[in-house]
Amino acid sequence: GENVEQHPSTLSVQEGDSAVIKCTYSDSASNYFPWYKQELGKRPQLIIDIRSNVGEKKDQRIAVTLNKTAKHFSLHITETQPEDSAVYFCAVYTGGGNKLTFGTGTQLKVEL
Amino acid sequence: DTAVSQTPKYLVTQMGNDKSIKCEQNLGHDTMYWYKQDSKKFLKIMFSYNNKELIINETVPNRFSPKSPDKAHLNLHINSLELGDSAVYFCASSQDPGGKLFFGSGTQLSVL
């Protein structure tokens, strides 16, 4: 089955700095790559996603880049704010398995 | 007007008991899921139903049995609860397999 690795597991940045979280996957047939944010005690919520026919997607301060050849994709958050503090999960969808496989999560802490 | 609602929010029970968690979505989605989130925050899929048909059944003990009476509902029944079942269980739905997931607020299950 699909194997998704996510790094780092924890990330601490100063407010205003950028944060980058990276995920790698194993199945070259994977074609959908969403990112979910989970605040403490809350449900995961989709923040951005990308499909395999696109290399980059931006939404205000967040962006996702995809390198299909290397089988990795990254979440970029610029001008971080305290409310960005949360656990971020990458995920990979492989149509053959009808399954979204999540990464292990990154605890992001934005310090004042 | 919660899109995906699950009950109860908290469930505290003794080992060996049987319990159920209910989930309902009002988004008109065809696909529903159960995810388990352990103490390390790992999100692992347990089951997925598409149009009331089971399409994903991960390696989950037989003590866990999902039931989908219609497309808007997916319940989870757990027999003979064990200490290791303690976790947060999230229901989710999507328009189709691999689509954007909408999560319920989670059920914190504590087995004593």
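Convention: sequence-line order gives letters A, B, ...; per-chain numbering from 1.
- Applying side chain to side chain donor-acceptor pair (under 3.5 Å) to Thr107(B) and the options Lys19(B), Lys22(B), Gln6(B) leaves one that passes, Gln6(B).
- Ranked by heavy-atom pairs under 4.5 Å with chain A, the list Tyr35(B), Tyr33(B), Phe102(B) is led by Tyr35(B).
- Using a 4.5 Å cut-off between heavy atoms, Gln107(A) does not touch chain B at all.
- Contact count versus chain A (heavy atoms, under 4.5 Å) is highest, among Thr31(B), Leu43(B), Asn50(B), for Leu43(B).
- Applying the side-chain contact (heavy atoms from CB on, under 4.5 Å) criterion to Leu40(A), with sequence neighbours excluded, gives no partner residue.
- Heavy-atom distances place no part of Pro34(A) under 4.5 Å from chain B, backbone and side chain included.
- Using a 4.5 Å cut-off between heavy atoms, Gln108(B) makes no contact with chain A at all.
- Your options are Ser94(B), Ala92(B), Pro97(B), Ser48(B), and the one with the most heavy-atom pairs under 4.5 Å with chain A is Pro97(B).
- At least one donor-acceptor pair closer than 3.5 Å links the side chain of Gln6(A) to the backbone N or O of Cys90(A).
- Contact check for Lys99(A) versus Thr94(A): no side-chain heavy atoms found under the 4.5 Å cut-off.
- With sequence neighbours left out, Arg51(A) forms a salt bridge (Lys or Arg N to Asp or Glu O under 4.0 Å) with no residue at all.
- Contact of Leu101(B) with chain A is made through backbone and side chain together, with heavy-atom distances under 4.5 Å.
- For Val4(B), the part lying near chain A is the backbone, with the side chain staying farther off; criterion is any non-hydrogen pair under 4.5 Å.
- Contact check for Leu109(B) versus Asp85(B): side-chain heavy atoms found under the 4.5 Å cut-off.
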